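Structure first, commentary second.
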Amino acid sequence: MMARIGVMTSGGDAQGMNAAVRAIVRSGIHSGAEVFAIKEGWAGAIAGQDHIVQLGWSDVSGILNKGGTVIGTARSLEFMTREGQLQAVANLIANGIDRLIVIGGDGSLTGSRQLCLSWSDYVEQLLSEGRITSDQAAAHPALHIAGIVGSIDNDMVGTDMTIGTDSALHRITEAIDAISSTAESHRRTFIIEVMGRRCGYLALMSAIAGGADYTFLPESPPRDGWEERMIDVLARGRAAGRRDSIIMVAEGAADRSGQPITATTIAQVLRERAGEEARITILGHVQRGGTPSAYDRWMATACGVEAVRRVLEAEPGSEPVLVGVHRDAVHTTPLVQAVEDTHRIAGLVADAEYQAAVEARGHGFTTMIDVYRMLIEAEPSVRPTPGARRIAIMHAGALAPGMNQLARVAVRSGLDRGYTMLAVRGGVPGLIAGDVDEVTWSDVEGMANTGGAAFGTRRFVPAESDLYQMARTIEQHNIDALLVMGGFHAYATVDMMERERRRYQAFDIPIALLPASIDNNLPGWPMAVGADTALNTVVDSIDMVRMSASASKRAFVVETMGRQCGFLPLVGGIAGGAEKAYLPETGLSLAELSTDVEALVDAFESGRTFYLAVMGEEASEHYTSDVVAKLFEAEGRGLYSVRQAVIGHVQQGGTPSPFDRINATRLAYQAVVNLDGQLKTGRSDYVAASSAAPTLLAPLRTVTDAMDWDNQRPHEQWWLRLRSVFDQLSRRPGQE
Ligand code: ATP
Ligand code: MG
């Protein structure tokens, strides 16, 4: 008999659950299994009948961009009882299902684990009660479970991100950005309440991303006297010229004695102690709504494919697993461990063991709390000293959304450590021309959520003859350390400076290099700042193209940017649900095109109404998107029409996504920590962002050695592993 996989969504809904369901159905079919939806979570498993239905390939068409979950979700009290679980087992067995993928929060996964553990007991009981046959009992000796965390709270141990969290951050930062523009014009204080009963991830990260002024988290309750401190921070911010104040509060925030701190409490404090009327916005279900972000789509898709592989490979005795992500790769851990660790942290928060709870959330979380505390201040925590050492920051290469957040965090982190901060204006040409000036704390106010690059950037690699002037600028402005943030041109420039540093003594200073590029073509760091924003732009464009085509039979060829790197077309294609992606890494051949055209014509002949190919701008010198569109048109002979859509430079613009803002914050902060350490110990190393290094920075050489300079991309690219994910989802088996 064919293997049968059940898939359910359970607990609160989250954006991106549909992407996982789609991936599970299609990948299951690809692997020769039958996939059944168990509708309405555990309640559906107990109800059985029409709650358990087989899903075919096209049943999951067109759901990728929908929020919520098309197979329904519920909370079920009945499932908490033995009789409920027994009935669920009876229904699963009646449908021949003993492999189950559960997409839900900690509660749902706890329930799954229990069912796994008690499965054989239940089978025995059902057999003795005559509710199943001995053949059925023998055929299903064990339940194989893979859990995928779908929850906007990001409160699960065992995965860096849970499905829905990134989309929720999109909704929250959109709200903060919108509110801060009105707050600014009226000099108002806003209090925004976000979800998170025991986990402050959303509140903390959205405060960092949105540039909020004060935050209350469940894991880090304020010490007594917080009322005065908050009023003081807000007042100092106003005195320093800030017009608006935004306070973020997680729904589970409380003080040290466990007394809840709600938006109302905070408003009352502001009214009584500062005579200020604050406006309250409770975001509530808005955070769960809307279309899923690019990240939630591709990540959920990759996890879904892996979960199918795991449940199909499982044998009696296999541990149930949690499929999640770690450092942008799909990552599996034992479900039992993940559930226990998660409950342990929740227990720590409940028992007021806050320090331990924060530490248990990992080093990254702890650091972000520190960074956040520094960023919200109205001024540096140390007085500038005369003769302070000087750190310059410079962008280089093409514009990338998030460059401003990099600059903002770098400037404040440097000032907060007592450095004089300088900005090189206009990228490397600015360094050659000596266009350098001092920047202050308030100069970078409000830069968290803006696109573009306030300090300017240029695509420019210096010639050897420029090096002398660059060295002169460094000497004349007494630059003691340099932070370079940008794309390929930044990497090429710093690499050149390193090679020439023996000839120019001025280059003998600590230099840190951070990736910022929509192309995501830089070694050492999985996601360059700006790449996630561009990806979201690609996905939004694909969604719009899809809608525009809904009235007729149409094929689209969408062209993305990305130069010699196929990140945007491939990952954008996965997140946008494309049928085909053409990448510069693999190029295009006439043979491939003619196979694709055949499949395309065949698809429309068998009733399809839409076909989407995504193509990198430099996928092929000859077969451009224009040529491919014409080829599709010619071969269709009127069966469908073809449109070409070049997304273009909007990919470089736009407000940076929350992911890019957070990524930029982490990188810029760690780079300044590194330069500070070097200056204090008299070193002058060149370092670059590296996810392999615990401090996030590694010697430049070890990073740039991974660069394929001719093709302007890394030799090894992690996201190319997603190619097989793409192939499984885009074509029905049997279709070439
Ligand atoms: P979220 O917290 O993101 O909303 P969740 O999955 O944690 O999602 P819960 O309401 O905690 O949401 O759990 C969903 C369902 O999972 C419950 O209604 C119940 O059927 C089942 N469940 C939860 N905890 C257990 C448990 N300890 N034992 C058995 N079943 C459980
Ligand atoms: Mg939960």
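Whatever order the structure lists them in is the order used to number ligands and atoms, beginning at 1. Computation of the quantities below employed the complete heavy-atom set of this structure, encompassing side-chain atoms and omitting hydrogens, waters and symmetry-equivalent molecules. Remember, it's a predicted structure, so these values are computed and weren't measured experimentally.
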Open item on the list: Please determine whether a side-chain nitrogen of the Lys or Arg among Arg661 and Asp177 lies less than 4.0 Å from a carboxylate oxygen of the Asp or Glu.
Closed with: yes
Open item on the list: Any heavy-atom pair between the side chains of Arg361 and Ile345 that's under 4.5 Å?
Closed with: yes
Task: Residue list, side chain to side chain donor-acceptor pair (under 3.5 Å) with Arg309, at least two apart or on another chain - done: Glu306, Glu313
Say whether [X], considering both its backbone and side-chain N or O atoms, lies within less than 3.5 Å of an N or O atom on ligand 1.
{"X": "Gln85", "value": "no"}
{"X": "Ala74", "value": "no"}
{"X": "Thr110", "value": "no"}

Open item on the list: Taking 2.8 Å as the cut-off, does Asp153 contribute an N, O or S atom near the Mg ion (ligand 2), distance below it?
Closed with: no
- [ ] State the atoms of ligand 1, each with its element, that fall below the 4.0 Å cut-off from a heavy-atom position in Gln114.
- [x] 28 (N), 29 (C)
TODO: Have a look at ligand 1 and work out which part of Arg75, if any, has a heavy atom under 4.0 Å from it: side chain, backbone, both or neither.
DONE: both
TODO: Would you please classify the geometry between the Phe79 ring and the Trp42 ring as parallel, tilted or perpendicular, with 30° and 60° separating the classes?
DONE: parallel
- [ ] Assign the ring pair Tyr201 / Phe365 to parallel, tilted or perpendicular, where the plane angle (0 to 90°) is split at 30° and 60°.
- [x] parallel
TODO: Measure from the Mg ion (ligand 2) to every N/O/S atom of Asp106 and report the name of the nearest one.
DONE: OD1
Open item on the list: For Val308, run the side-chain contact (heavy atoms from CB on, under 4.5 Å) check against Ile24, Ile29, Val323 and tell me which one passes.
Closed with: Ile24
